[in-house]
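Have a look at the structure below before the remarks.
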Amino acid sequence: MFVSFQRVFTLSEKSWSGSCLQYKWQKTVGNYLAVSGPDNFVKIFDRHGQKVNELNLPGNCVSLDWDKDGDILAVIAEKSSSIYLWDANVNKTSQLDSGMKDQMSFLLWSKTVPLLAVGTSKGNLLIYNQQTSRKIPVLGKHTKKITCGCWSSQNLLALGSEDRSITISNHEGDTIRQTSVRADPADVQFSVMKTDERSSPGESTVSVALGKKTLFLFNLNDPDNPIELAFQQRYGNIISYRWYGDGYIMIGFSHGYFVVISTHIREIGQELFQAHNHKDSLTSIAISQSLNKAASCGDNCIKIHDLTDLKEMYAIVTLDEETKGLDQMCWTDDGQLLAVSSQQGSLHVFLTKLPILGDSSGTRIAYLTSLLEVTVDNQVEGESPVAIAVEVEPSFIAVGPYHVAVGMNNRAWFYALGDSGVERVKDTEYLGTVASMCLNCDYAAALFEGKVQLHVIDGDEQVVQEDRQTKLFPEPDQKYRILSHALTSEFLYYGTDTGLIQCFYFEDWQSVNEYRHTVGVRKVFPDPNGTRLVFIDEKSDSFLYCPVNDSVFEIPDFSPAIKGVLWENWFSNKGVFVAYEEDKAYTYAFHKDTIQGSKVILVGATKLPFSHKPLVLHNGELTCQTQSGKINSVVLNTHSFLNNPHSDTSKDKLQSLLQQAIMLKRFSDAWNICKALNRTEAWGELGRACLHHMEVELAIRVYRMMGNVGMVMSLEDIKGIEDQNLLAGHLAMFCNDYNRAQDLYLTSSYPMAALEMRRDLQHWDSALQLAKRLDPDEIPFISKEYAIQLEFVGDYTNALAHYEKGITGNNKDHDESCLAGVARMSIRMGDIRRGANQAIKHPSRALKKDCGAILESMKQYSEAAQLYEKGQYYDKAASVYIRCKNWAKVGELLPHVTSPKIHLQYAKAKEADGKYKEAAMAYESARDWDNVIRILLEHLNSPEEAVRIVRETQSIEGAKMVARFFLRLSDYGSAIQFLVLSRCSDEAFQLAQQHGQMEIYADIIGSEATIEDYQSIALYFEGEKNHLHAGKFFQKCGQYNPILKHFLKCPSSDDSLAIEMAIETVGEAKDEALTNQLIDYLMGESDGMPKDAKYLFRLYMALKQYREAARTAIIIAREEQSAGNYRNAHDVLFSMYAELQTQHIKIPAEMATNLMILHSYILVKIHVKRGDHLKGARMLIRVSNNISRFPSHIVPILTSAVIECHRAGLKNSAFSFASMLMRPEYRNKIDLKYKKKIEAMVRRPDTSEVEEDSSPCPYCGFSLPDCELLCPGCKNNLPYCIATGRHMVKEDWCVCPHCDFPALISQLLEAESVCPMCSEPLNVSEVKKVSDCSRYLQELSL
């Protein structure tokens, strides 16, 4: 973005129309512009375009120039031998006769002294000293017209002539150097070439443009080697060139090119920069060193570059009205004004640099926007800018809440700022040139010549009392000069050359405060309230002064180049200020309330853009005035957290922003940054900062957010403390700054906190010092605690001294602790007698133990043992007595000793003495069973006791010793047993093998042996043809083939056991071949002898072939039943029934029926035995109805049925069974005892019958006889009660807890104490009534 330049004025005279102008600015100050045209006049204008004077010449102006100070304008004209001189100071013109007869062609003032050089058209030279009026004519300097020239800073004069020669002369006109050139010279300039080393000081190089084509460089120190530089033809002719910087040359060419070269010998011939600035032509270039800018003009525009970066175009000014193009350019020395002439005779003046004049009051600023315009603005409050046209170009500006003042020299003009506009109030003259001015609501204060005049602005007597209208500082009797001053709403501050800072209070109209500094005070900058003031002294050191309490704080890292200070105007950040220099602003923060006291810190620095003067600081934003008359905002680097969206910022950047916010005490912003960071370290940093600044409430919030419960509770405890020093002390302690905490505590209302802190920290030296001052009664207690620490670190001498100091004489527990310390330290220090006596007297057992340990470490065993014994530490005492070889004492203490180690040492000593019984007892007390067994066997000949101990303790070594003992007695069985117990299996096996004790070995080894052990035993028995044992041990090895072979080879005496084990083996092996082999054996196919069917049943069970097992079980039961073994048959069926139920296999109907009938038979005996004949008769009726299943006992069963039915009143049933017994095949088998009765029963029949009770079917509820097991209603087979044989009833249901068979709970509990079905014992508490029997009914119906 280009800078736009303001056009100040344009000069356009009719007489100049169509001609090029010759003009020059007044040197140094640039207040006047001299212009000549084709009209024989030289007109002089001021910097605002107003004509001041004009010189009437006899002919056209040939040349004009200002002297070095800008006081005298010299002019030469055609047709005249006079030199016209105009004095700017008095505005008068004079003439000087040159004495030259030929036409003057060249005129130039020296750069350093008042010498004027004038050349003529015939090559003659005149040097005129304006100070002495001496004229030095030099004839024949050149042979032709002198066209150009230049003075050096050393007063050498270089001239160029149409005779194509260059001469260098001194100020007397004597020629020093002369050289010829190959073309007409033009634009001679002195400068310094860029070289590696400066050969001589001063301007030693003369540059000349030759024939508008080349640039000739002539070094006065090396005249024989001039350099001539040529340029590209496309550039055109050299129009103008300028030296700048460190030996650089800027050249403008006629075709619009703009080139920069260096004169460094290594870079000569290289173009450093080139730009085609103008399309058609370039007519002039100019450089302003003060602005650091370069300008070129051509066509109808001006282009301005920054010399620090030529590629960047700084500004472009286009003059659309100049259709014929522009001509020449000239800058004032201060760079403020740039004059440009055109080829049609106009001259335009642009404002390129304004004086940076500005002031602020609060957030309102006033600044120079043009040479005669001041603008008042308040962007913070949103006020519209107001432009004030002023009468003079001001040298100072001041602004207050309601006024603006501008002025120059000793005069000031005051303007009132009102709602209706700006109104000039008055102008005031002062007694000297005003250096600076300040305003507030009512008063203006002007500083001039070491004095300050304070006066009212409006002069309204109603507002201000007459005696308070004006005041001059200092008072007549005060001999100092005021160097700086400042106004606030209520105070006038000023600083003097004697170091005095005075505060004048308007309300009281007198000085209310003063501070004397060691050196003069150059500048003062109070904050808006006047409660704080930054001042800079003559050493360029800076301090912050608080008039309220006269405290002064040095400002750290303060640059000596600081130009001013601005205080922050944002309401909640009042302690922040900025100190600025030319190109940098430093942000400082005043931390008033911290645990370290008040101090000023440097927050950071911000680079300012070129030529920016800060006017206002508001919320981290500097409002600056620029040299172009505008304002620009610069955000301070230290406040960058205000403009950074936290969500888009990196974590590291956020951490940096957090530190900025903390240093500026912007804690709400810091809180938001911490939330965005979400790091414990960030919260911790904010928490520490809150503690540092004594922001307790916020610190609580921060530490609560961190989850630091301890810190939150600690802060909650102290947050209500009003004493600032006490609060700061607590916070300093939390920050681990203990020395500062102590100092703060001591200045607080509760100095004892310092002592408490030092005690808690165990800083005992400090605690003792504090106790002497604060609470001498605490010294003994602190001394004791200090002594404990000293004892811990080994400083026994000081520990003893502090223990002794700790004795109070009136605190029993405390004194006992101190006396114990004295005892320990006395022993440590070598005073054993004192220490031991003290310990013996002391009631503490622990002390005796501690002192004993110390003595023991010092090898004082006798005293140590004595103390241990006194303290009843018998183990320790006995141990130390053993080290003394005092066995008698050990023996006395032994009943109290519990340590096995001591018993062991004592036992060894007794054994060495040959006292084996005592040794054995001691070994036993030490639980050293191996040695007990050894003593019993070797010395006390008590093997029984040794065996008992081995069995109880399972001692391996002891077992070995006992085994060896029995081996010597040839008791191989016992020896084997103890060898196995001692885990010497190999030796035990060999011993068993040698002495035929393998069965004993096998029994002893039991289940703990390895497979290899079992295999060895099996092979041994195989060799011995002991097939049963061989098979048994092969089985334990899991080798099934040899197992079955051995079991089947067993002799008949072992047949039953062998077959059982064979079945078990086949069941484990699950090998079809082995199974078939065993079945063949059981069926008798291998030896023609079928085995009992029970083995086949067990085989099927082992193989989990339950259906085959069930069929086999039925067969076995039938055989058992046929043989009259009803109980066996019942048990076989029951076990099979239970197994099938476990495997969830359906029970065969035949099995269930057979079991029911057999169980009914068994119940008969139970009922009859209990005398319940009716139930017995009912069961016998059920059995008799299935009498064919009891072929071996038909007659006895029928006989019992007749008798029991008769007894129960079932006469008809008795008659029926009696009739059956009368059959021929049964009649002769009836017991003679009952035969006649039965015959009589048949002869005289009685058919009466007691009707059977009914109960509901558990399935459908149909009422049927109690003993009926088939329901006519639902056709279901009904479950029966195992206690009575009756069918089950839902409401009276329970099950056996062992076999899960149902029973009527009322009947089962009346029965015997075992289950009638499974014969397991019954406990009344285990039998529970089943409220819902549907599960059982469902299972039974499957």
Practice prompt. Not counting sequence neighbours, which residues clear side chain to side chain donor-acceptor pair (under 3.5 Å) with E373? List them please.
Written response: T369

Practice prompt. Show your working on side chain to side chain donor-acceptor pair (under 3.5 Å) between T167 and H142 and close with a plain yes or no.
Written response: CA-CA 8 Å; T167 60; H142 285 272; 2.9 Å; yes

Item to complete: State plainly whether the residues R164 and D184 are in salt-bridge range, i.e. N to O under 4.0 Å.
Response: yes

Worksheet item: Can a salt bridge be assigned to the pair E172 and R134 using a cut-off of 4.0 Å between side-chain N and carboxylate O?
Response: yes

Practice prompt. Determine, stepwise, if the pair D327 / S284 fulfils side chain to side chain donor-acceptor pair (under 3.5 Å).
Written response: CA-CA 7 Å; D327 184 24; S284 180; over 6 Å; no

Practice prompt. Scan F45, W25, W86 and name whichever one has a ring-ring contact (aromatic ring centres under 6.0 Å, His included) with Y32.
Written response: W86

Item to complete: Would you mind reporting whether V340 and I302 have side-chain heavy atoms less than 4.5 Å apart?
Response: yes

Item to complete: Only counting residues at least two apart or in another chain, list the ones meeting side chain to side chain donor-acceptor pair (under 3.5 Å) with T205.
Response: none

Discussion item. For F216 and F218, take the angle between the two ring planes, folded into 0 to 90°, and tell me which bin it lands in: parallel under 30, tilted 30 to 60, perpendicular over 60.
Written reply: parallel

Worksheet item: Do the side-chain N and O atoms of S207 and Y241 include a donor-acceptor pair separated by under 3.5 angstrom?
Response: yes

Worksheet item: Centres of the Y257 and H278 rings: under 6.0 Å?
Response: no

Fill in: Test item: L220 and F190 side chains (from C-beta on) under 4.5 Å apart, heavy atoms
yes

Can I get a per-line list of side-chain donor-acceptor pairs under 3.5 Å for residues 406-413, giving both atom names and the distance, sequence neighbours left out?
{"residue": "N410", "atom": "ND2", "partner": "Y430", "partner atom": "O", "Å": "3.4"}
{"residue": "R411", "atom": "NE", "partner": "D427", "partner atom": "OD2", "Å": "3.1"}
{"residue": "R411", "atom": "NH2", "partner": "D427", "partner atom": "OD2", "Å": "2.9"}

Discussion item. Looking at D67 and K27, is any side-chain nitrogen of the basic one under 4.0 Å from a carboxylate oxygen of the acidic one?
Written reply: no

Item to complete: Quick one: do H348 and T10 satisfy side chain to side chain donor-acceptor pair (under 3.5 Å)? Show the steps, please.
Response: CA-CA 4 Å; H348 308 277; T10 296; 3.0 Å; yes

Discussion item. Both conditions, 6.0 Å and 45 degrees, for the charged tip of K293 above the ring of Y314: are they met here?
Written reply: yes

Fill in: Polar contact flag, side-chain donor to acceptor under 3.5 angstrom, E54-N56
no

Discussion item. Could you check whether E203 pairs with K111 (Lys NZ or Arg NE/NH1/NH2 to Asp/Glu carboxylate O, under 4.0 Å)?
Written reply: yes

Worksheet item: Side chains of S290 and S288: do they bring a donor and an acceptor to under 3.5 Å?
Response: yes

